[in-house]
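Below: one structure, written as structure tokens.
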2 protein chains.
Amino acid sequence: MGDDTRERVKRVATEIGFRPNALAKGLLSNRSFTIGLLTNDTYGRFTLPVMAGITEALVDHGVSVFLCTIEDDPALGKVHVDAMLDKSVDGIIASGKRIDRRLPVDLSNLPVPVVYAFTEGTPGSVTFCADDFQGATLAVEWLMGLGRRRIAHITGPESFVSVRERAKAYLSLVGDQLPVLYGTWSEAWGHEAVAKIWNTSGPKPDAIFCGNDQIARAVVDALRERDVRVPRDVSVVGFDNWEIVAAQTRPPLTTVDMNLKALGREAGLTVLALTEGRAVEPGIRTLPCELVVRQSCGGNPDH
Amino acid sequence: MGDDTRERVKRVATEIGFRPNALAKGLLSNRSFTIGLLTNDTYGRFTLPVMAGITEALVDHGVSVFLCTIEDDPALGKVHVDAMLDKSVDGIIASGKRIDRRLPVDLSNLPVPVVYAFTEGTPGSVTFCADDFQGATLAVEWLMGLGRRRIAHITGPESFVSVRERAKAYLSLVGDQLPVLYGTWSEAWGHEAVAKIWNTSGPKPDAIFCGNDQIARAVVDALRERDVRVPRDVSVVGFDNWEIVAAQTRPPLTTVDMNLKALGREAGLTVLALTEGRAVEPGIRTLPCELVVRQSCGGNPDH
DNA sequence: CTGAAAGCGCTTACAG
DNA sequence: CTGAAAGCGCTTACAG
């Protein structure tokens, strides 16, 4: 084949928009350049940022991702996993809403690598999650740095590992001058907890570290309704940096961000590494959180 | 091949978990049994329910879906569309946040069928969206059925078609005794609008139809802060039935649901029909909304 | 260095 | 009715 023929072929190829068939390629290489993302987080509050990170990391490698939201029905879950395996996905990322619960599907003996994010993995697997202890430390230290001395903690159900981790960090910094208030992940609980504290005689907190943004939002609302000023009288910190809640609160919430996108990026690159046969250390990988400062704490001291 | 040999082969096949290779199948049939879902809705507020509907409709047909959230960067959008085409998707569903804006990618001359949902399609394409006029009619008629006579309308930016459609329905039922209050899709605007109305002398509304749930939530909050009781003094209706907002409002919002999951199901079946070469009528398909009754309107008359 | 052949895992059409 | 061959669109290994 002459050099100019070669040139002409190439030119015509791009002219007619020639696109190598990835299916045929995959048949040879035994790689489909697709992965599956499984989740039981129907709201997408965790999954969508994680997914954005995965996509961002993998698009450069030509990998596309199947998303599949499974309810709590194991049968349906199996159908979806099978559909992914039929498509010869190169790997699967299982994601959820909490690190101490499994998805309602068995992923233990799959012919492809599985990586876990925000859900409990099988022994010997790789699992990614946020560092709850470090995130909570960030929040409480921030409050202390602002000169707050009576810091309360209103949080979710004690049955969540992340709740216990955050409470542990809180207690290790603040001590047990005030009881940790465990409840539910709802605004209703935030209102109730504030009522509980303010209806009791004795000194009031000058800061409240909340287990998530929904509770924090309710706490801010409840305080306003009692004419307690935020942040002047009480500083409030949330957890999650869920924009839609944190940014709409009046005043907007200072809150802990779990860097879910970065977590997704890591998970994506890890499943890719496993696909390519590279060695990956198993275990739980904890990624650092960061504090997003808005207006619910006041003062912006050097940090 | 003898009958018993055939049986043995089949038995062994299931025993070793034989799984026909979909890639090889696709090479023959020219179908990959995958479709792509493109969206610019990073929150997933519209896309996730739509996606749930698509998945539900297509899983029975063995079709899996690639999800891809594209930002406003056309170059990145093209990369993602190309990645989907490389994977030989059987079709693409483009979805967005509003019916009068295009996604930042050109989908007009693709080798696969494209169906639009909640985003502007190319001429001659099939587009699915909710019936804003009918949904708004449902809301206002509900308020009128409860005996409300001074119904205000606080809504989003007039530049949105859906805002204009909803306002049109409102005006056609209520007349122009009160001006439509156009603003932004934020809680801040809900507060501002209530202040605007209540700081003006003259009779106050006994009901407020809001353009979305965020505005409705803020309206309810703002009324409470003015000691106006919801629903006793004023009934409030939202739009979207965004659980996380509607259910957490005090009292929980009666609101219009756009049936996004059903919309997704339709879109999925339609792209499948196009893939299989079945004829599909082009144009805009409008799906009916329904009213979800909670507590922000009071009374539960026969309906 | 160039070009033809073999083969990935299926299905379809054809010969026996 | 059964069984072998051809071919989908690629890549890899081999022969010239």
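Just so we're clear, the structure is a prediction, and the values are computed from it rather than from any experiment. Below, read A as the first sequence line, B as the second, and so on, with proteins coming before strands; counting in each chain starts at 1.
Counting to the nearest Å, the C1' atom of dT12(C) and the CZ atom of Arg31(B) are 17 Å from each other. Spacing between atom CZ of Phe33(A) and atom C1' of dC8(C) amounts to 15 Å, rounded to whole angstrom units. Atom CG in Asn21(A) sits roughly 13 Å away from atom C1' in dT11(D) (whole-Å rounding). Atom CG in Leu27(B) sits roughly 8 Å away from atom C1' in dC10(D) (whole-Å rounding). Taking atom NZ on Lys87(A) and atom C1' on dG9(C), their separation rounds to 16 Å, with Å as the unit. One can place CG of Leu28(A) at 11 Å from P of dC10(D), the figure rounded to the nearest angstrom. What separates CG of Asn30(A) from P of dT12(D) is a distance of 13 Å, to the nearest Å. One atom, CG of Leu23(B), and another, C1' of dG7(D), lie 17 Å apart when rounded to the nearest Å.
Ion pairing between a basic and an acidic side chain is recognised when a charged N comes within 4.0 Å of a carboxylate O; Glu266(A) and Arg285(A) show no such pairing. A salt bridge does not link Glu120(A) with Arg101(A): every distance from a Lys NZ or Arg NE/NH1/NH2 to an Asp or Glu carboxylate oxygen is 4.0 Å or more. Salt bridge absent: Asp41(A) and Lys97(A) never bring a charged side-chain N and a carboxylate O closer than 4.0 Å.
The closest side-chain donor-acceptor pair between Asp213(A) and Thr255(A) falls under 3.5 angstrom.
Contacts of Arg19(A) with the nucleic acid, taken as non-hydrogen atoms under 4.0 Å apart, involve only primed sugar atoms and P, OP1 or OP2.
For Lys25(A), whose side chain is taken as the heavy atoms from C-beta onward, the closest listed nucleotide among dT11(D), dT11(C), dG9(C) is dT11(D). Among dC10(C), dC10(D), dG9(C), the nucleotide with an atom closest to any side-chain atom of Pro20(A) is dC10(D).
A 3.5 Å limit on both hydrogen-bonding distances identifies dG3(C) as the Watson-Crick or G-U partner of dC14(D).
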